[in-house]
Amino acid sequence: MADEKSLNFIEEIIENDIAAGVNDGRILTRFPPEPNGYLHIGHATSICLNFGLAKKYNGKCNLRFDDTNPVTEETEYVDNIKQDIKWLGFEWDNEFYASDYFEKLYGFAVRLIEKGLAYVDDSTAEEIAATKGSTVAPGSDSPFRNRSIEENLTLFSEMRAGKYKDGEKTLRAKIDMAHPNLLLRDPLMYRIKHAHHHRTGNDWCIYPMYDFAHGQSDSIEEITHSICTLEFIHHRPLYNWFIEQLGIFPSRQFEFARRNLTYTVMSKRKLLQLVNEQHVAGWDDPRMPTISGMRRRGYPAVALRQFSDTVGIAKRENIVDIGLLEFYVRENLNKSTDRVMAVLDPLKLVVTNYELDGEVFEIENNPETPNGTRSVPFSRELWIEREDFMEVPAKKYFRLAPGNLVRLKGAYIVRCEGCKKAEDGTIEEVYCTYLPESKSGNDTSGLSVKGTIHWVSTKDAITAEVRLYDRLFRVEDPSSEDGDFKEYINPDSLNVLPAVYIEPALQRAVAGESYQFMRKGYFCVDSESTPGKLVFNRTVTLKDAWAKEVKRN
RNA sequence: AGUUCGAUGGUGUAACGGUAGCACCACAGACUCUGACUCUGUUAGUCUAGGUUCGAAUCCUAGUCGGACUACCA
């Protein structure tokens, strides 16, 4: 029985094209970022789609930077975008830039002028907007619409030569000022910008608009399937118009719905605001939905790929639960990470009947994917998690409480004998006795206890800074709420614990590594971490049935 | 209002005229030297109204609701 995965609508189109022999079955896609910001999880979907399609259908995928606006674009962004794509696990066939085609594009523009399909307009931006009409009213012709071909040719070459100031003139396609599709009301093809370009320097002072660059670049590269997001659907007639009038290779555009995620924002404009106004520490802040932020947070690349695959593509608006991404993050980290013990909120536990100087236990690193053991020192005084003790235990609580038995992970079973309290009632120390015959791996006590807690020996512990990250926003969809989206930033999205006690084996942890802090979550070593000052980021918590139980009551 | 795209459990996505399925979430239980993982089970869906058909989520008609478009950004 064929258990084939069903095709998404773009795969159907491609398979139909292959069956029909379109382009002899050749498949060439492209991923076309503008280098004016960092890539986010939405781009990851597009990357997985374009590169994935190429791979699946024996085709290729180009990386093409859509760098037609020199004032917002920077080389820094180019470098980071390339790094992000590689990290996600994809390789491009060619690395191209729309700016590589400036000369060709100029030639295309001249060709359209010669065909009487483009003209130089002296109107100001305001005048052009005013004559554009509206969704319900037609626009009106520019007074410069009927210049002669010769005059247009001269003017356009003067524009290129730098004879005019920014905004003084534009080149427009001559289509129809009454067209119901606003984009076809004589769209701008070129504008004047005396600005330095990250690649072409000062060679040009006129730059093509998106609509006159993207489709033509696709065509120059002979892209077969140009896949973009839904908001470009209105551009498709224009995309096709330029290609037809120019008589160049007929790339075709297909649109799918962009992915939205709960508890975050995705527009580059908003992300840039978060960075510039320092609500976050940068584009790669672990709270950001950027690929670099997620990488720094400790999300495995494979989790992003699985997430993209599961979510799939379609044409309807959507907002995907961030919990689904977190599911894949946990699923992968559960298999791959070594378990270690770290006490985030310390409370001292004294094993009153422990007479030895100490012992060293060998504790297994990873029960899911066996990966050896490590040495963990044990002694009379330990740090345990404050929440693992209750003087008056709640219903169903099976950790430490007077009279209760609990297993110290990898060591002994202990019985809680009491605690010491400060004047204000704060618990200062917990006392217990251990059962020597319950030694881990050699337990002859015959007891089975319900609870196991983690611990770190006080005299052997080392410290690390731990950064507890939570969702950046307090509401599911900040963009759809009233007022400014920044009002909905979660004030507790970052909680820095300056000196968490961790087991000494972690001294050699290096940046980028991930660990499971037992019972607390997955943590990765931050890029700022050094052997002298270890820094861990919380990637994601473990699922916590007890926390849920507490919340319920 | 014009153009245009869309509508399947809480979320995302299948079913292409023939038993509405999968994943996440939620809930209940089993297991557990992580209240994790794993395992078992449960709740819950075709926007509405007509029509075509033996049979409609699927085709047709009308309506409802939602998104996108009116930058010298992409």
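The chains referred to below are lettered A, B, ... by the order of the sequence lines, with proteins before strands, and numbering in each begins at 1. This one's a predicted model, so the numbers in the text were calculated from it and none came from an experiment.
Side-chain N/O atoms of A:Ser6 include none lying less than 4.0 angstrom from OP1 or OP2 on B:rU13. In this model, the phosphate group of B:rC25 is approached by a side-chain N or O of A:Lys543 to a distance below 4.0 Å at OP1 or OP2. OP1 and OP2 of B:rC33 both lie 4.0 Å or more from every side-chain N or O belonging to A:Arg339. Contact between the side-chain N/O atoms of A:Arg191 and the OP1/OP2 oxygens of B:rA74 is found at a separation under 4.0 Å. Between A:Lys548 and the phosphate of B:rC27, there is a side-chain N or O to OP1/OP2 separation shorter than 4.0 Å. At the phosphate of B:rC37, neither OP1 nor OP2 sits under 4.0 Å from any side-chain N or O atom of A:Arg330. Side-chain N/O atoms of A:Arg316 include one lying less than 4.0 angstrom from OP1 or OP2 on B:rU8.
Classification of A:Glu387 and A:Lys520 as a salt-bridged pair holds, one side-chain N sitting under 4.0 Å from a carboxylate O.
Nucleic acid contact for A:Pro33: none, since no nucleic acid atom lies under 4.0 Å from a heavy atom of the residue. Across all strands, A:Ser123 comes closer than 4.0 Å to base atoms (heavy-atom distances). Within the nucleic acid shown, A:Ala314 comes within 4.0 Å of sugar-phosphate atoms alone, with no base atom in reach, counting heavy atoms only. Residue A:Lys193 is classed as a sugar-phosphate contact, given heavy-atom separations below 4.0 Å to backbone atoms only.
Figure legend: cation-pi geometry between A:Lys193 and A:Tyr207 absent, as NZ or CZ is not positioned both under 6.0 Å from the six-membered ring centre and within 45° of its axis.
Note: A:Trp204 and A:Tyr106 have tilted aromatic rings, judged against thresholds of 30 and 60 degrees for the angle between ring planes.
Of the nucleotides present, none pairs with B:rU34 by Watson-Crick or G-U wobble criteria with both distances under 3.5 Å. B:rA7: Watson-Crick or G-U partner is B:rU64, with both key distances under 3.5 Å.
Residue A:Asp321 is the one, among A:Phe517 and A:Asp321, whose nearest nucleotide of RNA chain B lies closer to the 5' end (criterion: closest heavy atom). Nucleotides of RNA chain B nearest to A:Gly441 and A:Asn334 differ in position, and the one nearer the 5' end is that of A:Gly441.
When distances run from any side-chain atom of A:Thr135 to the nucleotides B:rG12, B:rC69, B:rC72, the shortest one goes to B:rC69. When the nucleotides B:rG12, B:rC37, B:rG66 are ranked by their closest atom to the side chain of A:Arg259, B:rG12 comes out on top. Taking only side-chain atoms of A:Lys409, from C-beta outward, the nucleotide of B:rC5, B:rG2, B:rC33 with the closest atom is B:rC33.
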